Amino acid sequence: MGYDDMNDKDAVAVADEGAFVDGDVSADEGASTVADGTDELINNCLTQIPMLEALKAKLTAEQFAKIEKIKNPELWKFLAETIELCGPDKVFVCDDSPEDLAAIRAKALETGEEKPLSRTGHVYHFDPEWDQGRATSDTKVLVPEGVDFGKEISTKNVNEANKEMDELMRGAMKGREMLVLVSCLGPVGSKFSIVGVQITDSPYVVDNERLLYRRGYEEMVRQSKEGSASGGRFFKFVHSSGSLDKSGRRIYMDPFNGITRSVNTQYGGNTIGLKKLAMRLAMRAGLEDGERAESERWLTEHMLVMGVKGLEGEGHGGRRTYMLGAFPSMCGKTSTAMIPNAVVVGDDIAYLRNCGGEARAVNVEAGVFGILEGVNPKDDPQLVRAMEESGDVIYSNVLVHDELKGKEPFWTGKSPAVPESGENFAGRWEKGCVDANGKPVPASHPNSRVTLSLKDFENVDLDVLENPEGVGVSAVVYGGRDPDTSVPVREALDLDHGLMLMGMCLESETTAATVEGAKQKKIVFNPASNIDFLSMPVAEYVDHNRKFFAGLSKPPRIFGVNYFLQGSDGKFLNGKNDKWVWYQWMEKRVNGEVDVIETPIGGIPKYEDLAFLFKELLGKDYTREEYEEQFAIRKDKILGKIARVRAIYKDSACVGGSVPAKLFEQLDRQEALLLGQVG
Ligand code: OXD
Ligand code: MN
């Protein structure tokens with residue numbers, strides 16, 4: 001029995017002894033995104049007794065009781081079939097109890113996937129050398145026959161993919177324990193939120209999920225009891241480390257059936273189902289809900305959520321202006337969300353809904369899987385304090401050394417003093433060692449990560465984080481890794497200009513967050529920083545966003561930022577902390593306290609306002625020369641970018657839908673403004 005058959009409504013699920021029977025409970029008939037619970041579904045529980053009986057045969061009484069408590073036949077079927085396929089020796093179902101949650105860490109230590117550091121509750125983990133980032137070339141969105149998402153999105157036929165994945169997963173958990181963890185994407189009990197069930201043989205994966213997401217077991221029990229329309233709606237995630245054979249690494253996401261599966265990989269971005277994999281499922285769910293009823297349209301965005309504080313000295317210390325920021329991976333989302341003049345709600349993924357004409361957002365996560373490279377106490381005081389004070393932290397792919405007080409993690413940029421030697425993902429590391437090409441080998445991987453809960457941050461806005469209604473959004477900020485084109489901060493001319501040009505035409509340099517980006521850096525088209533996470537053609541994504549924003553009676557203001565602008569000598573024109581100023585300026589702009597200089601590319605700050613904020617926030621004298629260099633309008637570069645992006649949209653991005661006319665209108669308008677007004 002494989003997943004190919006699972007998606008066939010006539011399939012009969014068979015356990016070892018042939019005891020699982022099809023009770024016609026599948027909500028995945030046709031192209032529904034997730035299993036939809038109904039009253040009927042609850043009644044169907046009664047017809048699922050044989051399946052439950054078969055699960056009983058596979059699980060110990062203690063584990064079985066936990067599954068039986070969730071009256072959701074779709075879950076029972078999912079679990080029974082995954083057990084049947086993967087053949088684990090035993091199964092552990094984690095409920096929300098402290099004992100069960102503690103057992104996850106204990107299992108990770110027992111299997112050696114995690115090892116203790118000197119600080120209590122701090123552990124480290126190494127992924128294989130070839131598995132240090134999201135593997136985009138092994139990642140596919142599964143589509144039914146005849147569906148084309150265009151060349152920007154890597155897809156595979158669902159039936160072929162399922163056959164291949166079934167083979168890779170067959171018996172993959174033999175000799176191992178299968179772990180089942182239920183989490184909630186978004187605040188518990190919110191209309192924004194969706195429950196996700198992770199099945200894996202890696203305690204490291206569920207240990208991350210334990211820290212990164214809200215617990216979902218009790219919520220799933222509650223929803224299944226209620227039997228409401230959302231009672232059975234949940235995302236499914238299956239992962240097995242398999243034999244960690246690089247050639248067998250596969251990451252497959254089926255957004256039409258609400259399930260992802262990955263195998264022969266351990267890196268979090270490929271395996272933590274609720275993180276990057278769930279984005280494809282959620283994005284499709286928001287589109288399909290919107291197609292059924294426009295008012296139900298919702299977005300899944302690669303966005304941080306933060307509340308910028310008003311300036312204390314000006315009597316606005318109590319003010320919070322909530323902003324979203326879309327940046328590609330490793331382009332500053334976490335460090336932006338952690339600036340000292342703001343409170344953090346989230347640093348990676350947001351769901352957005354139209355609530356009475358206002359855009360409201362929730363952070364889907366409750367923790368941080370943050371990049372460590374360059375993190376130090378001066379630039380990242382909040383993150384460093386949280387790591388130091390938390391008793392529950394996972395470090396991945398750092399250098400581990402014992403030169404201070406027992407086993408300590410080190411990453412590039414942590415401090416000027418670098419350990420003499422230690423152990424990293426590639427084995428023994430010595431200061432000054434070089435690779436086969438004579439290139440220095442860094443102590444830690446550039447994509448080394450830290451996982452910890454947001455509740456361990458002093459600057460977390462817990463009330464907003466846990467608000468089932470989310471938070472009203474005053475501004476959306478788009479930015480990428482752009483060496484030579486955009487100014488450090490500007491306000492869009494209007495909503496369409498901001499959404500279409502700053503968001504949907506974004507380009508950015510690739511980074512070590514992906515295996516491919518670590519090998520070769522290049523500037524790529526990355527609409528709204530979401531290109532790696534789309535489960536629809538680019539044209540459809542643009543239109544989905546357009547419709548969402550057009551439906552708002554109180555749309556947010558749109559800004560563009562660029563932290564990576566370089567001078568002619570190739571040096572960055574801004575310091576890492578200059579962003580504190582950009583956000584304070586945006587906060588003032590939203591609250592009507594500063595004017596802009598109107599230019600063809602949008603409203604740029606006045607020199608005096610920035611000079612004041614640089615002094616106030618960073619104690620720095622910002623010179624007019626710096627301002628003029630940073631805020632020069634690089635007309636030829638912008639025209640070049642317009643031509644590149646227009647060509648993409650005229651070509652393959654049109655597949656599967658038409659690019660909204662507004663996008664071309666904005667490209668034409670920008671070009672005309674630049675040609676007409678800037679010499
Ligand atoms: C991440 C990513 O880990 O975007 O957040 O790669
Ligand atoms: Mn991300």
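These numbers come from a predicted model, not from an experiment. Note that ligands are numbered from 1 as they come in the structure, with each ligand's atoms numbered from 1 the same way.
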Just do the side-chain hydrogen bond (donor to acceptor under 3.5 Å, both in side chains) check on Ser396 and Tyr204 with the steps written out, would you? CA-CA 10 Å; Ser396 311; Tyr204 166 72; 2.8 Å; yes

Closest heavy-atom pair and its distance - Ser535, Arg280: OG-O, 2.7 Å

For the Mn ion (ligand 2), every protein N/O/S atom that sits closer than 2.8 Å, waters excluded: Lys276 NZ, His302 NE2, Asp348 OD1

Going by the order shown, which atoms of ligand 1 are within less than 4.0 Å of some heavy atom of His302? 4 (O)

Considering Lys276, Glu365, Met330 one by one, which has a heavy atom nearer to atom 1 (C) of ligand 1 than any of the others? Lys276

Any idea which of Arg449, Arg134, Lys333 brings a heavy atom closest to atom 3 (O) of ligand 1? Arg449

Checking Ser262 against Arg250 for the side-chain hydrogen bond (donor to acceptor under 3.5 Å, both in side chains) test, could you report, in this order, the C-alpha distance in whole Å, the side-chain angles of both residues, the deciding distance, and whether it holds? CA-CA 5 Å; Ser262 62; Arg250 299 286 183 278; over 6 Å; no

Under a 4.0 angstrom heavy-atom cut-off, which atoms of ligand 1 come close to Asp348? 5 (O)

For the residue pair Phe525 and Tyr649, is the inter-centroid distance of their aromatic rings smaller than 6.0 Å? yes

Would you call Arg210 and Asp392 a salt bridge, taking side-chain N to carboxylate O under 4.0 Å as the test? yes

Given Asp380, which of Arg385, Met338, Lys576 fulfils the side-chain contact (heavy atoms from CB on, under 4.5 Å) condition? Lys576

Rounded to the nearest 0.5 Å, what separates atom CZ in Arg134 from atom CD1 in Ile251? 10.0 Å

Rounded to the nearest 0.5 Å, what separation is found between the CD atom of Glu373 and the CG atom of Asn397? 12.5 Å

Using a 4.0 Å cut-off to any heavy atom of Ser329, which atoms of ligand 1 qualify? 2 (C), 4 (O), 6 (O)

